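Here the structure comes first, spelled out in structure tokens, and everything after it is commentary.
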There are 2 protein chains.
Amino acid sequence: MTEDKANKAPTIIDIAREAGVSKSAVSRALLGQGRISEEARSRILDVAQRLGYVKNAMAQGLVAQRTHTLGVLVRDAVRPFYGHLHAALQGRAIEGGYRVVTATGVRDFALAEERRALQTLLSLRVEGLVVCSGLLPARDIAPFVERVPTVVAGRPEPHPAINSVYCDEEDGAQQLVDHLVSLGHRRVAVLLVPEALSITQYARTAAMVSGLRERGVDTVVTELTDGPEAPVEAVPALLEDREITAIMCPQDDVMVSVLERLRRAGVRVPDDMSVTGFDGIGPLTTPLLGLTTLRQPLDEVGRRAIDLLLELREDRSMPTRHIALRGALVAGTTTPPPPPPPHPARR
Amino acid sequence: MTEDKANKAPTIIDIAREAGVSKSAVSRALLGQGRISEEARSRILDVAQRLGYVKNAMAQGLVAQRTHTLGVLVRDAVRPFYGHLHAALQGRAIEGGYRVVTATGVRDFALAEERRALQTLLSLRVEGLVVCSGLLPARDIAPFVERVPTVVAGRPEPHPAINSVYCDEEDGAQQLVDHLVSLGHRRVAVLLVPEALSITQYARTAAMVSGLRERGVDTVVTELTDGPEAPVEAVPALLEDREITAIMCPQDDVMVSVLERLRRAGVRVPDDMSVTGFDGIGPLTTPLLGLTTLRQPLDEVGRRAIDLLLELREDRSMPTRHIALRGALVAGTTTPPPPPPPHPARR
DNA sequence: TTGAAAGCGATACCAT
DNA sequence: ATGGTATCGCTTTCAA
């Protein structure tokens, strides 16, 4: 039996010794390129297989100056939004011949941890970086965009040097507004998220407000504070105002807690009150809940983000791009079905 | 201005040149260990900062033979179950001074991709491996457990050499059974998942069946086929049997589609039919739905998995451990509230 | 305190 | 076709 170096991973040198060739030969056989006799090749591959050889990505990356790896920075693995986006990115990256490593922050020390996560990815010398986090400010990303192609996915990024791919929040808000208006609502409440809490949620809720006003709808704006209870606590005041017939929420999970609060208050949805959300992703899309919402095109966001990244690798001087993708209105049961279209009288 | 090597990342040699010292000095300053004058130290750190130096994890890992990195293999980033687990793992790993890289399969080529993902992690020379996937068979994992400490998280792993941390499925099933029995159900349907489709879901549903039978409850077993429509299609047959008063589902999302189907059939829950799920994770936990389910202790699973991994690093000869953690019954509104306890008659 | 030099594991160029 | 050797960026003796 050959000498087992306990549990250390075998190197190409181990294989070379075992197969009676030089390590150059092993490298060529493993890479499948360069001149090598068929006989040696298969012997080497055999030995590698038998030894359970797994290449050392560090050594390879170091000399080859290529890692074939894309880095994804995800804010919070718990949220289905990021889960979907992550999966979409992953799928496309593989198709492009890249592997993906993901690093994420951790809830409590969010910002500091995200900076660490960014460092981790950079230190791994990823060949492209996708940032999926509404948290990390452009300031932290910008210094590295010259060094590694970077795309922000899932949120618009106004920074002139940083590319981004995201759902068109204004358009989405407008679609929801149009839906409510076509249903005849004349006085609507919007739960507005302050810009400081979330840039994207601010953008979409602000667009709801201005969209409603442009359509001449009375608009009641309730500014949300931080914390999960804020939306719930905002509901009673809205119920005081008997003219309000619809509430627009910044996100589906907020919408769900609003619906819950309405039910506790004995308010029927959609008979007494209509409610809309935003995202249309994950388990909450079940017809059991029937949320009226705007579905973000996350598969496409992920795909386009990777494509953009790969283009960027080819041509580093490409001008910055910001790609806004249209979401799709999902008309559920939290808004009433549209009234039957007027038709010519039968008699 | 100093010569800018365009967009290439600076190395310690660049820093050394700029600071007028040797690269050894830079290494010591950056590591904060070894003798070095305070004066040189701060100058070096300054230069590093100014150049935007990010260490090369490959070079460092190669020479130091340590990566301070744990690898997590996740099956499907889309499912909240994995998202939660991932987050829990991440949090604990950071506390332990490790960073985490994640690799995941991709839906369509599931198994092949998971093998690739495993190779990716191994090639990165992670110091520990957490496998969160009901898919990847032990056969694929076993060859490497000698080389790198490995824990399977989220599913029991019977393999004698592979450690695992998971929710006690039998106990969870039993808790749900007890709940139904205490509510007075005498004939109950179980949607059984075949072992070939999912080992964990088979374990829990099989335990439901045997638990019910042990308690003397009539049990109707419906074996699920593959595909998302299977649970829905199973419902009508169950409604034929007017004696059935409860349906036990293998998972919350299955439960939700069953509830939806029941509603379409005009069956009221819980008045006409009780329903239970399993998982208690993610957006579906909203009180709006009020699912009666068993909540898996995923935070603890993640924490214990990392702890076990780190213990394993210390003592590679540790005997294999299988840690089963108790879940918690969540009594929702898809089962009726328990009847008032019998009390002494008033008159 | 500081610098020179030897590797870590793999690739690629160069002779042979 | 094959093997020797320089090299990637960094840590770590070992001298000075």
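Both backbone and side-chain heavy atoms feed into the values below; hydrogens, waters and symmetry mates do not. Nothing here was measured: the structure is a model prediction, and the numbers come from that model. Each chain gets a letter, A, B and so on, in the order the sequences are listed, and its residues count up from 1.
Direction of the helix axis in the helix from C/dT1-D/dA16 to C/dT16-D/dA1 shifts by 50° between the two five-pair termini, rounded to 10°.
The shortest side-chain heavy-atom distance between B/Leu73 and B/Leu121 falls under the 4.5 Å cut-off. Two residues are said to be in side-chain contact when any heavy atoms from C-beta on lie closer than 4.5 Å; B/Leu70 and B/Ile306 meet this criterion.
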Exercise for the section: Start with the C-alpha distance between A/Arg41 and A/Glu39, add both sets of side-chain angles, then the distance that settles salt bridge (charged side-chain N to carboxylate O under 4.0 Å, His left out), and finish with yes or no. Expected result: CA-CA 5 Å; A/Arg41 216 185 66 89; A/Glu39 193 254 332; over 6 Å; no

Problem - Residue pair A/Arg116, A/Glu114: steps toward the salt bridge (charged side-chain N to carboxylate O under 4.0 Å, His left out) verdict - result: CA-CA 5 Å; A/Arg116 280 180 58 112; A/Glu114 279 194 21; over 6 Å; no

Practice task
With side chain to side chain donor-acceptor pair (under 3.5 Å) as the test, would you mind laying out the steps for A/Thr69 and A/Arg99 before giving the verdict?
Solution key: CA-CA 5 Å; A/Thr69 299; A/Arg99 61 184 174 205; 2.9 Å; yes

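The main-chain N or O of A/Val152 is never found under 3.5 Å from a side-chain atom of A/Glu157 such that the two would form a donor-acceptor pair. With hydrogens and angles ignored, the 3.5 Å screen pairs no side-chain donor or acceptor of B/Thr104 with any backbone N or O of B/Thr102.
From the 5' end on, the contacts that DNA chain C makes with chain B at under 4.0 Å to a non-hydrogen atom open and close at C/dT1 to C/dG9.
Electrostatic pairing of B/Arg304 and B/Asp307 does not count as a salt bridge here, judged by no charged N lying under 4.0 Å from a carboxylate O. At a threshold of 4.0 Å, the pair A/Asp76-A/Arg79 does not count as salt-bridged, since none of the basic side-chain nitrogens sits closer than that to a carboxylate oxygen.
A heavy atom closer than 4.0 Å to some atom of DNA chain C occurs in no member of residues 34-49 of chain A.
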In a table with atom names and distances, give each donor-acceptor pair under 3.5 Å that connects a side chain of residues 134-147 of chain A to protein atoms at least two apart or in another chain.
| from | atom 1 | to | atom 2 | distance (Å) |
| --- | --- | --- | --- | --- |
| A/Asp140 | OD1 | A/Arg115 | NE | 2.8 |
| A/Asp140 | OD2 | A/Arg115 | NE | 3.1 |
| A/Asp140 | OD2 | A/Arg115 | NH2 | 3.3 |
| A/Arg147 | NH1 | B/Gly52 | O | 2.7 |
| A/Arg147 | NH2 | B/Leu51 | O | 3.1 |
| A/Arg147 | NH2 | B/Gly52 | O | 3.1 |

Listed pairs under 3.5 Å, donor-acceptor, residues 21-34 of chain A side chains, sequence neighbours left out:
| from | atom 1 | to | atom 2 | distance (Å) |
| --- | --- | --- | --- | --- |
| A/Ser22 | OG | A/Ser24 | N | 3.4 |
| A/Ser22 | OG | A/Ala25 | N | 3.3 |

Handout entry: Contact pattern, 5' to 3', of nucleotides 6-15 of chain D - B, S or - by protein heavy atom under 4.0 Å
Key = -BBBBBB---

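Remark: the A/Tyr98 side chain and the A/Arg92 side chain contain no N/O donor-acceptor pair separated by less than 3.5 Å.
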